[in-house]
Visitor: 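Questions regarding the structure given below will be posed in turn.
Numbers here are sequence positions counted from 1.
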Amino acid sequence: INANIGGMKTNDDIAETLDHSIAIHDDGTILHTVTLTRKHNGAPVWPGGINYAYLRFYAPAGSRLVTLDNFEREDALQKNPVDTMLYLDEQVPKATTGDADITTEHNKTIFGVWQALKPGETKKSRITYELPFKMHPDKGSQYYTLTLQKQAGTHEQRGALRLYVPEGYTIENTGENTHATPFSLN
């Protein structure tokens, strides 16, 4: 989920692609890595300008944030005292896991982060989180489900879903004969 902050009308100028990888490790630990690529196709003048977005990633309740790459810290977003418009202080280092807002809502853990995207710029950002439960092949068949939902009011979003499993696991009922499934959310 993303919220455009800062008064610029840039949402329609942003193209997004999601690459969602799920890795089930030998010990049963499940890591999700979401790579978000955002491209700003707009102009630098009103109603365009920099897209300041607060991005939220929803995960099962109890999930733990592992890594965060290429997002802004909240204190990097500054307000110009003359015209009160937002600007990005590029001297502030990028966000780390300690800079993310972590909340719980609707039985989900939410990781909230900031991103500023200039007209013509493309950014690839990544978040990795660990699920609060494990898969154990020695316990027989187990089911794992993933729900992908498009944010209401947004344009089509494309991406890929990848699943990595240890040797000995079998994947059933995926509808595909591959571990990388392209998707489009309309």
Side-chain angles (χ1 to χ4, degrees), residues 1-22 31-59 63-103 105-106 108-129 146-162 180-186:
I1 302 286
N2 83 52
N4 179 2
I5 309 295
M8 301 303 201
K9 306 299 180 192
T10 55
N11 283 0
D12 285 344
D13 298 326
I14 308 299
E16 292 185 351
T17 303
L18 280 175
D19 186 337
H20 195 130
S21 296
I22 303 167
L31 290 179
H32 282 242
T33 299
V34 179
T35 302
L36 175 64
T37 304
R38 300 177 78 231
K39 181 178 182 190
H40 192 324
N41 296 308
V45 295
W46 177 260
I50 298 175
N51 176 269
Y52 297 98
Y54 185 69
L55 305 167
R56 289 176 289 164
F57 297 86
Y58 286 69
S63 293
R64 182 181 66 84
L65 184 59
V66 177
T67 63
L68 196 63
D69 298 307
N70 208 20
F71 293 101
E72 271 67 57
R73 287 180 15 184
E74 185 174 5
D75 60 347
L77 305 178
Q78 300 290 319
K79 199 178 265 194
N80 184 320
V82 176
D83 62 12
T84 69
M85 295 298 289
L86 287 177
Y87 70 93
L88 176 64
D89 182 348
E90 297 186 50
Q91 302 304 311
V92 175
K94 292 290 188 182
T96 63
T97 54
D99 298 312
D101 295 326
I102 302 174
T103 59
E105 180 181 312
H106 304 295
K108 303 279 187 247
T109 295
I110 304 160
F111 306 111
V113 291
W114 290 93
Q115 187 177 69
L117 192 62
K118 299 174 187 172
E121 184 177 28
T122 299
K123 277 191 182 176
K124 186 178 279 195
S125 304
R126 186 172 294 111
I127 182 170
T128 300
Y129 56 91
L146 173 70
T147 302
L148 298 174
Q149 294 177 300
K150 183 182 86 63
Q151 179 176 342
T154 59
H155 296 292
E156 176 183 52
Q157 191 170 51
R158 295 184 180 273
L161 177 61
R162 302 174 200 290
T181 302
F183 64 86
S184 178
L185 300 173
N186 292 309

Visitor: Looking at every heavy atom in both Thr97 and Val66, which two are closest together, and how far apart are they?
Guide: CG2-O, 3.5 Å
Visitor: Is there a side-chain contact between Arg126 and Asn70 (heavy atoms, below 4.5 Å)?
Guide: no
Visitor: Please find the pair of heavy atoms, one from Pro119 and one from Gly42, that lie closest to each other, and give the distance.
Guide: CB-O, 3.3 Å
Visitor: Can you check whether His40's main-chain N or O pairs, donor with acceptor, with Lys118's side chain at less than 3.5 Å?
Guide: no
Visitor: How long is the straight-line distance from NZ of Lys39 back to CD1 of Ile14, given to the nearest 0.5 Å?
Guide: 11.0 Å
Visitor: With side chains defined as the heavy atoms from C-beta onward, is the minimum distance between Gln78 and Val92 less than 4.5 Å?
Guide: no
Visitor: A side-chain contact here means heavy atoms from C-beta on lying under 4.5 Å apart; do Val113 and Asp101 qualify?
Guide: no
Visitor: Between Lys108 and Arg56, is any pair of side-chain heavy atoms under 4.5 Å apart?
Guide: no
Visitor: Can you name the nearest heavy-atom pair linking Gln115 to Ser125, along with the distance?
Guide: NE2-OG, 2.7 Å
Visitor: Say you draw a straight line from CD1 of Ile127 to CG of Leu36; how long is it, rounded to the nearest 0.5 Å?
Guide: 10.0 Å
Visitor: As a test of understanding, state which of Thr122, Asn51, Thr17 forms a side-chain contact (heavy atoms from CB on, under 4.5 Å) with Arg38.
Guide: Asn51
Visitor: For the residue pair Tyr129 and His32, categorise the inter-ring angle as parallel (less than 30°), tilted (30 to 60°) or perpendicular (more than 60°).
Guide: parallel
Visitor: How far apart are the closest heavy atoms of Ala95 and Arg73, and which atoms are they?
Guide: CA-CG, 3.5 Å
Visitor: On a heavy-atom basis, which atom in Tyr58 and which in Glu105 lie closest, and how many Å separate them?
Guide: OH-OE2, 3.8 Å
Visitor: Going by the rule side chain to side chain donor-acceptor pair (under 3.5 Å), which residues pair with Asp89 if we only count those two or more places apart in sequence or in a different chain?
Guide: none
Visitor: So which atom in Arg64 and which in Phe111 form the shortest heavy-atom distance, rounded to 0.1 Å?
Guide: C-CZ, 4.1 Å
Visitor: Atom CG of Asp19 and atom OG1 of Thr37: how far apart are they, to the nearest 0.5 Å?
Guide: 7.5 Å
Visitor: Got Leu18 and Glu16 here, is their nearest side-chain heavy-atom distance under 4.5 Å?
Guide: no
Visitor: If you draw a 6.0 Å radius around NZ in Lys124, do more than 12 non-hydrogen atoms from other residues or ligands fall strictly inside?
Guide: no
Visitor: So do Leu161 and Ile22 actually touch side chain to side chain, heavy atoms under 4.5 Å?
Guide: yes
Visitor: If we ignore angles and hydrogens, is there a donor and acceptor under 3.5 Å between the side chains of Thr128 and Thr67?
Guide: yes
Visitor: Check step by step if side-chain contact (heavy atoms from CB on, under 4.5 Å) holds for Ile50 and Leu117.
Guide: CA-CA 6 Å; Ile50 298 175; Leu117 192 62; 5.8 Å; no
